[in-house]
Each structure stands twice: as C-alpha cells, then as structure tokens.
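Taking it in order: structure first as structure tokens, then the write-up.
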Amino acid sequence: MAPGPAAPALPALLALLGALLPGLGGAQTSVDPAEAIILRGGSVQVNCSTSCNQTSIFGLETLLTKTEVTSGDNWVLFELTDVQEDSKLICFSNCHEQTMAPMHLTVYWFPERVELAPLPRWQPVGENLTMTCQVAGGAPRTNFTVVLLRGEEELSRQPAVGEPAEVTFTVAVGREDHLANFSCRTDLDLRHRGLGLFQNSSAPRQLQTFVLPETPPRLATPPIVEVGTQWSVDCTLDGVFPASEAQVHLALAEERLHSTVLYKKDSLLATANVKANPEDEGTQQLWCEVTLGDENRRWQENVTFYSFPAPNLTLSEPEVSEWTTVTVECEAPAGVVVSLSGLPSGLAVPRAQFQLNASAADNRRSFSCSAALEVAGHMLQKNQTRELHVLYGPRLDQRDCPGNWTWEEGSHQTLKCQAWGNPVPELKCHRKGDDALLPIGDLRPVKREVAGTYLCQARSPRGEITREVVINVIYHQNNILIIILVTTIVILGTVSVAAYLYNRQRKIQKYKLQKAQEAAAMKLNTPATPP
C-alpha cells in the first residue's frame, strides 16, 4: 500500500491537469478496462490508447506502482502491481490537444478477523440476548454483509459499518437454544462482478440457557430430632431446566451436609441422612440452596435437637419370695415429668416410688414408668417397663383342678387339672388301688374304666401339695338282650301252651269218640227184652 500522506495528492494532481489541459478535440483517449476489481496486493494491466493518427504523448496518471509493459504508435500497456486500495486512474494523450479517459480500480479483500463476542455463561430462558459480531477488515463494504447463525440456520444479516465493524443481533432465547452453537459469518458477494461469493466464519460459541423458578425449594425435615439418632432431610424444587446442571447445597448451621441428588426431567430431589450429635443440641438453622446459572433460590427451616433419655425404672429386687417387700422407683432428669403405674396419675414429678408386699398374684407383674418432655411445642413420651418375679409354692385348688367329675359313659369331655407355682411344680395323679394315671386332657369318648378316685400331688423346690380327684361315670345295663330273651321265652311259652291245649283237646275228643264207640258196641251185643 502507498504511504499515507501521498494519497490526497492524486485528486489534486488530477484537478490541476484538468485545469491546465485544453478541452477535448477530435482525437479521443480511451482506457481498457474502464473498470476492474482485483484482490488486494494483486496486479492488473491497463491499456491506454488514442484515436490520433499522429505521434502523440501517452501517460497514465496514478500513485500506484506502474510499469510500461509494451507500446505501439497509439497505445501503451501498463502493469499496476501491489495494489492495496481502491484507485481512480487517468489515461491521457497529447495529439494537438490533451484528452483523458478515467479508469476505476476496485480492490477486494477478505476480513482479517471475524469473531462472535463471548456469550454469557448462562442465559435465562425468555429474556432477549444481544450478540455482537466483530469484523476487522474486508472490502468492498458495499458488497459485504454479516450473518448470525445458529448451527447452520441463518437468523439475521446486517451490513458491516465502520472499521472494525461491530454488528449486533437481538435473539429471544428459548429452551431449544440450550447447548446450541452460535457463530458469525461474513458474505462478500462479488458474483455480479464476475467473481464469486466469499464467506468467512467465526469459531462457534455454545450457549447455555436455564430456567430457575421464583419459588424457593421445599424442605422436608422433622422439626425436632433426638441427639444420637439418624434423621433425614429432603430438598425438592420443580420447574428447573436443565435440572441436571443445578447445584444443590444442604447445610445445618454452617456445616454442609453430604447429600445425594436425584434429577428428573424438570425437577430435583436432594436427600441427606445425618446423625444428630450432642453438640447440635438446641435450635439450629437448616437451609437448602439451589444454584443454576448465576441465580440461586434458598429456603431455611429451624430444627430443634434435644436429649431425652428413657426414665430409669428399678425394682429393689427383681425376684423375691412371697410376702417380701419390694420397692418400685422411677426417676428421670430434671425437666422431665414421670408417671408410675401403681400410683395415682396427675403427679407432675421427676421421681416417683411405692412399696408392695409381693404375693403370688404379683408374679410376672409388669410395672411401667412413663416420662414426658415438651420440646418446641411437641409433647414427647418414653416408657420403661420391668417385670417382677415372685417365688411361691405349688397351688392346686378347685378352680384349676376340680375335685369331682361326673360324666355319662360315651360322652366327650375334657379333664383339667393344672398346678401353679414359681418355679412351676411337677404334677402327678395316680388312681388309688392300681396307680393308673389320671387322663388329663380330651376324653373322646368317656369310658367307665376311667372311673375312680385319684390322688394328685404337685411338687416343687418350694414345697408340695396333694388333692383328691374323683371321677364318676354313669352307665346303663344292656336291656336289649334281656328284652329279646324275655320275648323269646314268652313266645316259646305261648307256643308250648297252645300246643299243649291243642293236644289235650284232641285227646279229649279222641277219648269221647272212643267211649261213644264202646257204648255203641255194647248196645249191639245186649239181647232185646221181650215185650
């Protein structure tokens, strides 16, 4: 490119030549080409000629580096080299009079820099974003435009103005723009000059868009937590985009909690499982903060940590002999109210006790102590139980082993006989006379063979006791056989009597017949008496 101060001299020189040289006459000066466009730094040949048929003086007025290549009688061919900028040249000839022909030389060149200005790290969805394309160099600007691209999609184009040119575009950002690549492109369109369309593009820049709702996150946590226990806290927020890029911070007081975050389409759930330490006792502030882009949403809750040990319930002796005095006592720390079973309710005291004379009925008796504590408006309760064991001798009474049983033979019955005691006594029942065992349990059916008097004995290390158990079985003789026998005898007797009477009647009739025959015979043998 020619030195800067020399550039204004060309118009002045041309104006001076125009003033000094006479007007055009019959001879004409021409230049070929009259217009040309070349790449900056290139070269071009210019032919100056005249219609004068006499020897004339030729020249080419320009500040560009020129070289006469060849010439003829009425023409000269010049070569211009290292052309750096647009120029206006004048061919002139002197044939009786001075004539001139102008030439316009246009230089084109590509931009030295095309760059998309840095984008914000995160851009809220729904807000307009202004993008700036920066272009340094490039000509001619009349054929030069700047294009904003999203991927391969053309969003807008504008002319490049100024040097360097800064072209701005306003884009309404949506979710679909998340992770999209934006770039700038310059179009130098010289197709109408017989060249082509020259494009230069910037490096792409990726845009990250986000949505963070105005609503704060939700904390799910118990309002009170006992020290030494595990507790969990959940933090949720809906309407987050992209949810997987959001950062969640859970903290108790100033200590950050280790949490696990579960991301869904447009929501997130952070969960932390924490052990309450004794040093946390009191009211602490629990907070959850969700950060996305350069924005955050935060919510906090108060959690009260408390210490509440179970009441101390004691028996003076957990195992005693019958009729021993036992002391039952329940105690809790200050501020805790206890109630002890066996005492009237409504006594708001931290310590309660009473005594009892242990009997067999108190064996395996359960005593309970309840402690109550109010924490942050919540009434808490803890219980403690103890069981008393009373040692006593065997018991075998009418309720558990009835002394008299009366059943009908063939019926279904259940015989019960159970001994009580602590330790549990051994029970044996034998029938007097043959030592047969008492059939304790189901009798289906009852047989007359179980009838008898049994002697039951319950024995344990604490003593022994005996009791008689009588079983009566009611049964009836088998009268069916007797009835059959009697019936048979009656029938046989009746038949015998009937046979006897029949034979007797027959004999009587036979006897009478015989007598009648004898009488008749005698009449025949007796002589007739004379008249």
Point-to-point distance, once rounded to the nearest 0.5 Å, from CG of Asn200 to CG of Leu188:
8.5 Å
Arg175 with Asp266: basic N within carboxylate O range, under 4.0 Å:
yes
Would Cys184 and Cys133 count as a disulfide pair, i.e. SG atoms separated by less than 2.5 Å?
yes
In terms of relative ring orientation, are Tyr108 and Phe198 parallel, tilted or perpendicular, with 30° and 60° separating the classes?
parallel
Trp405 and Tyr454 aromatic centres sub-6.0 Å
no
Under a 3.5 Å threshold, yes or no: a donor from one side chain and an acceptor from the other, between Thr466 and Gln457?
no
Can you see whether Thr132 engages Thr168 through a side-chain donor-acceptor pair at a distance of less than 3.5 angstrom?
no
Of all the heavy-atom pairs spanning Lys265 and Ala243, show the shortest one and how long it is.
O-CB, 3.9 Å
Inspect the contact between Arg297 and Glu214 and indicate whether a charged nitrogen and a carboxylate oxygen are less than 4.0 angstrom apart.
yes
Which atom pair, heavy atoms only, marks the closest approach of Ile465 to Leu396?
CG2-CB, 3.9 Å
Determine, stepwise, if the pair Ser202 / Ser183 fulfils side-chain hydrogen bond (donor to acceptor under 3.5 Å, both in side chains).
CA-CA 6 Å; Ser202 69; Ser183 61; 4.9 Å; no
Of the non-hydrogen atoms in Gly463 and Pro394, which two are nearest, and what is the gap between them?
O-CG, 3.3 Å
In terms of side-chain geometry, is the basic nitrogen of Asp177 or Arg150 positioned less than 4.0 Å from the acidic oxygen of its partner?
yes
Between His378 and Ile224, what is the shortest heavy-atom contact and its length?
CB-CD1, 3.7 Å
CZ of Arg395 to CH2 of Trp420: how many Å apart, nearest 0.5 Å?
12.5 Å
Among Asn302, Asp234, Val233, whose side chain to side chain contact (heavy atoms under 4.5 Å, CB included) with Thr221 holds?
Val233
Would the pair Cys456 and Cys401 meet an SG-SG distance criterion of under 2.5 Å?
no
Thinking salt bridges, do Glu115 and Arg113 make one under a 4.0 Å N-O criterion?
yes
Closest approach of Val326 to Ala358 (non-hydrogen atoms, all atoms of both residues)
CG2-CB, 4.2 Å
Is it the case that the side chain of Arg205 and the backbone of Leu116 share a donor-acceptor pair, with hydrogens and angles ignored and the cut-off at 3.5 Å?
yes
Go through the side-chain N and O atoms of Gln381 and Ser370 and say whether any donor and acceptor fall under 3.5 Å apart.
yes
Any Lys/Arg nitrogen of Arg459 or Glu426 sitting under 4.0 Å from an Asp/Glu carboxylate oxygen of the other?
no
Where the side chain of Glu163 meets the backbone of Gly137, is there a donor-acceptor pair that is under 3.5 Å apart?
yes
